[in-house]
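Structure record follows, encoded as structure tokens.
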Amino acid sequence: DLELSQNGVDDLYDDDIAGDIGISGAMGDLTYSVVTGLEDADPTSLSIGYSAGAISGSVATSDEGCMSNWNNSRGY
């Protein structure tokens with residue numbers, strides 16, 4: 001699936017952030033989603049899930065956070 005919306009695609013890691021482009025899909029029991037923006041400063045978030053019978057798990061991450069703010073404040 002592809003979703004395009006200026007600041008209208010919910011970030012997968014932080015509900016206070018929205019992106020512009022969302023891509024999601026599945027390959028067998030594996031699901032994936034990526035949300036990003038059009039600007040260089042916009043964060044990118046990623047979610048991956050897997051299920052096998054009664055067991056399932058997922059992980060979500062984002063490049064927005066402490067280290068990105070720390071690097072920006074130090075001029076990197």
Side-chain angles (χ1 to χ4, degrees):
D1 295 335
L2 175 66
E3 183 177 358
L4 303 171
S5 178
Q6 183 69 33
N7 293 325
V9 182
D10 286 338
D11 187 85
L12 302 167
Y13 187 77
D14 185 347
D15 289 335
D16 294 333
I17 302 171
D20 304 321
I21 302 169
I23 299 171
S24 63
M27 294 180 287
D29 294 329
L30 179 73
T31 59
Y32 62 89
S33 298
V34 177
V35 173
T36 192
L38 297 173
E39 305 290 326
D40 287 339
D42 290 344
T44 299
S45 61
L46 170 70
S47 173
I48 298 173
Y50 183 78
S51 63
I55 299 172
S56 64
S58 65
V59 65
T61 188
S62 176
D63 64 356
E64 176 69 18
C66 295
M67 288 308 294
S68 64
N69 291 335
W70 183 80
N71 287 337
N72 289 336
S73 68
R74 302 213 10 129
Y76 295 112

Listing, residues 46-53 side-chain donor-acceptor contacts under 3.5 Å, not counting sequence neighbours, or none:
none

ILVMFWY clustering at 4.5 Å (side-chain atoms), partners of Tyr13: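 Its cluster mates, by chain and number: none.
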For residues 17-37, please give each side-chain donor-acceptor pair under 3.5 Å, one per line with the distance, not counting sequence neighbours.
from  : atom 1 : to    : atom 2 : distance (Å)
Asp20 : OD1    : Asn7  : N      : 2.7
Asp20 : OD2    : Leu38 : N      : 2.9
Thr36 : OG1    : Thr44 : OG1    : 2.8

Flag side-chain contact, heavy atom, 4.5 Å: Asp11 against Ser62: yes
Over 12 foreign heavy atoms within 6.0 Å of CD1, Ile55: no
